[in-house]
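Heads up: the structure comes next, in structure tokens.
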Amino acid sequence: MNKSVVKANSLFQFLCLLVMSFCFNNLQAQQPKKWKLRFKQKVELQKHKADSLYLVADSIVKERRVGERIDSIIDIRQSKYNFDTRYISKPAARWTFKVRLNLAGAHIGSREQRDGVRSTINLNTEVKSTVSFGVSYRGISVGFGMNPAKLFKKKSDFELNINSYAQKYGFDLTFLRANSFSGEAKIGDSKFDIERGIVNQTMFSANAYYAFNYKRFSYSAAFSQSFDQKRSAGSFLLGLSFLAMRTKHDGSEELGLPPMRIYMGHFGLGAGYGHNFVLPHNWLVHVSTLPTIVIINRSNITEDGVRKKMPYYFPSVITTGHVAVIHYFKRYFAGFTAVVNTSVVGRRDNLQLINTKWRTRLVFGIRI
């Protein structure tokens with residue numbers, strides 16, 4: 001009995017050793033595979049990180065190369081500038097950020113004498129307001145604007161302004177389509193109200209200047225802040241202007257006016273003067289006026305279906321005025337600018353038409 005128990009115990013111990021040996025061998029066989037897998041995963045992860053770092057570094061290098069190319073182009077462009085550094089300088093900051101509140105409007109006026117009766121008409125559009133944001137890098141600017149009235153789905157006049165103020169020359173382009181004119185008419189001793197929507201106007205105007213003293217006088221300092229005016233200076237200006245405008249109304253039984261359409265096309269040449277006043281405590285004030293005499297006139301009036309050519313009376317004048325007041329802090333600046341364009345054609349004792357387009361901007365900016 002004892003012998004059989006001993007044999008059973010020995011057999012059990014042998015089986016246990018066999019199972020343990022098998023498990024140990026499998027464990028040893030699996031451990032190298034798991035270690036190799038983990039090692040391979042770590043290697044792939046490090047390689048992925050290295051590739052990512054390489055892509056980031058490569059993109060940074062490319063961005064720097066693009067930036068260097070842009071800077072080189074700007075340097076070539078600015079190397080052509082020839083100005084007196086005692087009066088004008090480029091800002092040390094490369095970036096300029098601006099926010100502007102733009103207000104604009106238009107005016108139509110007429111003076112007429114017919115059959116011994118004098119009549120006057122004065123109409124104004126609603127004031128159009130927009131908010132614009134801009135960023136400039138070494139004088140190259142981009143921006144966008146929005147009309148708050150559009151957010152509330154309110155109809156308003158359409159207006160587009162494009163302007164450029166360089167050292168030697170610059171220009172203002174304006175396109176307007178307005179139907180919000182309203183005002184009053186006076187015929188003899190009677191006065192009448194003219195409601196919105198009766199008169200509408202489509203207009204395109206352009207004016208340009210050439211500054212003779214561009215080495216010391218800068219339009220850019222006052223209107224785009226891309227230059228700094230260090231000392232007061234002025235310049236005589238040579239200018240040209242163009243105006244194409246169509247104004248029409250549907251007529252009024254109350255006023256006894258038939259339907260009418262007026263087309264005006266003018267081209268003018270002239271000269272003016274502008275001045276930048278550099279005042280204490282970092283104030284800059286700009287004032288300029290540029291009248292042009294109309295030398296080409298293509299105007300006509302259609303009344304009750306009958307078209308007549310409008311005679312030319314000398315002098316017919318288109319005048320462009322600029323005003324700006326800017327205050328500079330350490331890195332900030334704030335102020336306002338205004339542009340007014342007025343045309344006066346005809347004579348009071350026959351028919352005189354006055355058209356005015358104005359725009360003003362409240363500006364705040366920072367240089368970095």
Side-chain angles (χ1 to χ4, degrees), residues 77-94 96-103 134 136 138-141 143 161-174 207-241 270-292 318-342 358-367:
R77 177 189 174 190
Q78 294 183 353
S79 65
K80 298 179 181 180
Y81 294 159
N82 183 17
F83 52 84
D84 191 337
T85 55
R86 297 174 301 170
Y87 287 81
I88 302 172
S89 66
K90 288 291 293 182
R94 291 174 175 260
T96 302
F97 299 89
K98 290 189 289 187
V99 56
R100 296 180 298 195
L101 173 62
N102 310 295
L103 304 174
S136 174
R138 299 184 63 186
I140 299 177
S141 304
N161 294 286
I162 301 175
N163 49 69
S164 174
Y165 301 105
Q167 288 301 105
K168 289 185 180 182
Y169 46 81
F171 61 84
D172 284 291
L173 304 177
T174 300
N207 61 81
Y209 70 85
Y210 177 86
F212 290 97
N213 191 23
Y214 63 89
K215 294 183 179 181
R216 295 183 176 182
F217 168 78
S218 174
Y219 257 105
S220 305
F223 289 91
S224 64
Q225 294 78 48
S226 57
F227 278 83
D228 288 332
Q229 186 81 44
K230 299 164 66 176
R231 294 184 180 181
S232 298
S235 175
F236 287 100
L237 307 170
L238 180 66
L240 59 86
S241 60
Y273 184 80
H275 201 96
N276 283 343
F277 299 91
V278 179
L279 305 179
H281 307 294
N282 301 320
W283 285 93
L284 173 65
V285 177
H286 169 93
V287 179
S288 66
T289 181
L290 185 55
T292 59
I318 301 174
T319 304
T320 302
H322 290 79
V323 176
V325 178
I326 305 295
H327 181 58
Y328 289 91
F329 303 91
K330 291 183 178 180
R331 293 193 303 164
Y332 306 92
F333 58 88
F336 78 92
T337 64
V339 181
V340 181
N341 188 280
T342 301
W358 61 270
R359 180 183 75 249
T360 185
R361 289 173 172 171
L362 305 178
V363 58
F364 175 80
I366 179 174
R367 290 171 171 173

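Between Asn341 and Ile318 the shortest side-chain heavy-atom distance falls below 4.5 Å. Using a 4.5 Å heavy-atom cutoff, the side chains of Tyr169 and Leu238 are not in contact. Annotation: side chain of Thr96 is not in contact with side chain of Gln225 (no heavy-atom distance under 4.5 Å). The shortest side-chain heavy-atom distance between Val323 and Val340 does not fall under the 4.5 Å cut-off. The shortest distance between side-chain heavy atoms of Asn163 and Arg359 falls below 4.5 Å. Side-chain contact between Gln229 and Ile88 is present, with at least one heavy-atom pair separated by less than 4.5 Å. Asp172 is not listed as a side-chain neighbour of Asn161, based on a closest heavy-atom distance of 4.5 Å or more.
Across Leu237 and Tyr273, no two heavy atoms sit closer than the pair CD1-C, 3.9 Å. His275 and Ser232 get closest at one heavy-atom pair: NE2-CB, 4.2 Å. In terms of heavy atoms, Val285 sits closest to Leu279 at CG2-CD1, 3.8 Å. In terms of heavy-atom proximity, Tyr87 sits nearest to Ala233 at CD2-CB, 4.0 Å. The heavy-atom pair separating Ser235 from Phe217 by the smallest distance is CB-CD2, 3.6 Å.
The environment of Phe236 atom CZ is sparse: at most 12 non-hydrogen atoms of other residues, nucleotides or ligands sit within 6.0 angstrom.
A distance-only check finds no donor-acceptor pair linking the side chain of Thr289 to the backbone of Gly321 [under 3.5 Å]. Asn276 contributes no side-chain N or O that, together with a main-chain N or O of Ala222, makes up a donor-acceptor pair within less than 3.5 Å. A distance-only check finds a donor-acceptor pair linking the side chain of His327 to the backbone of His281 [under 3.5 Å]. Here the side chain of Thr360 pairs no donor or acceptor atom with the backbone of Ala338 at under 3.5 angstrom.
Note that CG of Asn207 and OG of Ser241 are 7.0 Å apart. Values are rounded to the nearest 0.5 Å. How far CD of Gln167 is from OG of Ser226: 7.0 Å, rounded to the nearest 0.5 Å. Expressed to the nearest 0.5 Å, how far CZ of Phe223 lies from OG of Ser288 amounts to 5.5 Å. Summarising the geometry, atom NE2 belonging to His286 is positioned 10.0 Å from atom OG1 belonging to Thr337; distances are rounded to the nearest 0.5 Å. Of the inter-residue distances, the one linking Ser164 atom OG with Phe171 atom CZ reads 4.5 Å to the nearest 0.5 angstrom. Within the model, atoms CG of Leu101 and CZ of Phe336 stand 13.0 Å from one another, a figure rounded to the nearest 0.5 Å.
Below 30°, between 30° and 60°, or above 60°: for His322 and Tyr219 the angle between ring planes is above 60°, a perpendicular geometry. Using a 30° and 60° split on the angle between ring planes, Phe364 and Tyr332 fall in the parallel class, below 30°.
Residues Thr320 and Tyr209 bring no donor and acceptor atom of their side chains to less than 3.5 Å of each other.
Separation of the Tyr210 and Phe212 ring centroids falls under the 6.0 Å cut-off.
Under a cutoff of 6.0 Å and an axis angle of 45°, Lys90 and Phe227 form a cation-pi pair.
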side-chain contact (heavy atoms from CB on, under 4.5 Å) between Phe329 and Asn282: does it pass, once the steps are laid out?
CA-CA 7 Å; Phe329 303 91; Asn282 301 320; over 6 Å; no
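Here salt bridge (Lys or Arg N to Asp or Glu O under 4.0 Å) pairs that include residues 209-231, with residues two or more places apart or in two chains, are Asp84-Arg216, Asp228-Arg367.
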